[in-house]
Amino acid sequence: YAEYLISKGKLAEARDQLRKVLETQKDNYMVWERMLLVSNDLQDFQGVYTDAGKALELFPSQPVLYGLKAVACLQLEKYKEALDILSEGDAYLGDNKFMKVQFNLYRAEANYKLDHVEDAFKAFDEVIKIDPENWLAMNNYAYYLSVRNENLGKAEELSSKAVRANPANPTYLDTYAWVLFMRKDYSLAKFYMESAIKNGGDQNAVIVEHYGDILYMLGNKDNAIEQWKKAKEVGDGSEFLDEKI
């Protein structure tokens, strides 16, 4: 019945059914994993955090559980705990390439949030070494480098690869445009940012704000203000958005 409800998109009701199964089959690992993935899809990260902890007591050698708890920790801003969970789970990874990549992605994000920048970038390097086509890692790595105005040549190389492989992804297009912005190539940055906007980026406050920043640097101040105001309407821009306007 839970699977039927999932197929109909009724995730909360499906999770209730999975909990009923666990009342009589507490040692059924696949049901625990399914329930946690449903909670993750529901973005109930407190639920994932709590239930993953319970599942780990029963199945301490399952790397997926460590990964899911780490995701919940990242979303709940428990970054130090995320790193501790990942370290515990390392012992059970074996030859599981997919989970090694996921662990290092989570480790990179947690370290970056804790301002352990060198450790974050090492983790991104490890992801790309294991999986040379991990566009998410390349994009995030490039974005963090650009925000810090560091190693912009490497940032451009990583970001351009992600964009070539995903030419309609607004997030990746935004990152590439922002790297170009930081390199003061404003005209090319405008071209890629407009591609991001056309591919759905107009619903993202950060992307719209970035577009305004590029227009401002090109001397188009009226349109820049218009984009910044639009970013304010769309959602949360940067802490400097009001000041820019």
Side-chain angles (χ1 to χ4, degrees), residues 1-117 119-120 122-124 126-127 130-131 134 136-137 139-141 143-144 171 204-206 235-236:
Y1 186 39
E3 291 301 330
Y4 166 76
L5 289 167
I6 289 168
S7 75
K8 295 294 181 186
K10 298 180 177 180
L11 299 183
E13 292 152 68
R15 185 172 60 174
D16 290 341
Q17 295 302 317
L18 291 168
R19 287 198 193 282
K20 285 183 183 177
V21 177
L22 289 173
E23 287 172 15
T24 54
Q25 294 183 37
K26 196 177 177 183
D27 58 349
N28 189 326
Y29 169 73
M30 293 312 296
V31 176
W32 278 100
E33 186 180 303
R34 192 73 166 125
M35 184 180 76
L36 285 162
L37 290 170
V38 169
S39 290
N40 191 58
D41 287 343
L42 286 166
Q43 298 191 343
D44 175 12
F45 297 111
Q46 185 59 55
V48 174
Y49 177 81
T50 303
D51 289 333
K54 291 175 186 173
L56 278 167
E57 289 175 17
L58 298 165
F59 311 100
S61 63
Q62 293 289 344
V64 171
L65 298 178
Y66 292 94
L68 284 165
K69 187 164 185 185
V71 167
C73 286
L74 287 172
Q75 294 294 331
L76 298 170
E77 300 182 5
K78 299 172 184 279
Y79 304 121
K80 174 69 172 63
E81 189 175 348
L83 292 175
D84 292 341
I85 289 291
L86 293 166
S87 294
E88 282 178 44
D90 279 338
Y92 306 107
L93 288 175
D95 296 324
N96 190 330
K97 178 180 158 182
F98 175 78
M99 288 308 299
K100 279 182 183 175
V101 165
Q102 296 304 113
F103 271 41
N104 277 303
L105 268 175
Y106 305 149
R107 192 171 274 124
E109 296 296 336
N111 274 309
Y112 191 80
K113 295 294 187 187
L114 290 166
D115 207 26
H116 303 161
V117 177
D119 290 333
K122 275 183 192 169
F124 278 129
E126 189 62 24
V127 171
I130 299 169
D131 180 8
N134 195 300
L136 175 65
N139 175 76
N140 291 8
Y141 194 177
Y143 188 69
Y144 292 149
T171 302
N204 182 303
V206 173
D236 294 328

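Scope of the values below: all heavy atoms of this structure, side chains included, with no hydrogens, waters or symmetry mates. This is a predicted model, so every value here is computed, not measured.
Here the closest non-hydrogen pair linking Asn104 and Ala123 is O-CB, 3.5 Å. Closest approach of Thr171 to Asn139, counting heavy atoms only: O-OD1, 3.7 Å. Minimum heavy-atom separation, Ala120 to Ala108: CB-O, 3.3 Å. Nearest approach of Pro63 to Leu93, heavy atoms of both residues: CB-CD2, 3.9 Å. Between Lys69 and Ile85, the closest heavy-atom pair is CD-CD1, 3.7 Å.
At a threshold of 4.5 Å between non-hydrogen side-chain atoms, the residues Leu37 and Val64 do not count as touching. Side-chain atoms of Tyr29 and Leu65, non-hydrogen and from C-beta on, do get closer than 4.5 Å to each other. Counting heavy atoms from C-beta outward, Val38 and Leu18 have side chains that approach closer than 4.5 Å. Side-chain contact between Cys73 and Tyr49 is present, with at least one heavy-atom pair separated by less than 4.5 Å. Looking only at side-chain heavy atoms (C-beta outward), Gln17 and Glu3 stay at 4.5 Å or farther from each other.
Environment of OH in Tyr1: sparse, with no more than 12 heavy atoms of neighbouring residues, nucleotides or ligands closer than 6.0 Å.
From Ser87, atom OG reaches atom CZ of Arg107 across 5.5 Å, with rounding to the nearest 0.5 Å. The CG atom of Asp119 sits 10.0 Å away from the CG atom of Leu114 when rounded to the nearest 0.5 Å. Once rounded to the nearest 0.5 Å, the distance linking OH of Tyr79 with CG of Asp115 reads 12.5 Å. From Met30, atom CE reaches atom CG of Asn28 across 8.0 Å, with rounding to the nearest 0.5 Å. Atom CG in Asp27 sits 8.0 Å away from atom CG in Leu58 (nearest 0.5 Å). Going from atom NE2 of His116 over to atom NZ of Lys122 covers 12.5 Å, rounded to the nearest 0.5 Å.
Among pairs with a residue in residues 92-112, those fulfilling ring-ring contact (aromatic ring centres under 6.0 Å, His included) read Tyr66-Tyr92, Tyr112-Tyr144, at least two apart in sequence or across chains. Within the structure, every pair that satisfies the salt bridge (charged side-chain N to carboxylate O under 4.0 Å, His left out) test and touches residues 12-22, not counting sequence neighbours, is listed here: Arg15-Asp44, Arg19-Asp51.
Judged by distance alone, with hydrogens and angles left aside, the side-chain atoms of Asn40 form no donor-acceptor pair with the main-chain N or O of Leu36 at under 3.5 Å. Proximity of a side-chain donor or acceptor of Lys100 to a complementary backbone N or O of Gly94 within less than 3.5 Å is detected. With Thr24 contributing its side chain and Val21 its backbone, the two residues share a donor-acceptor pair below 3.5 Å. Between the side chain of Trp32 and the backbone N or O of Lys26 there is at least one donor-acceptor pair closer than 3.5 Å.
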*asked:* Using side-chain contact (heavy atoms from CB on, under 4.5 Å), reason through Ile6 and Leu11 one step at a time and then give a plain yes or no.
replied: CA-CA 5 Å; Ile6 289 168; Leu11 299 183; 4.3 Å; yes

_Leu105 vs Leu136, test: side-chain contact (heavy atoms from CB on, under 4.5 Å). Steps then yes/no._
CA-CA 9 Å; Leu105 268 175; Leu136 175 65; 4.1 Å; yes

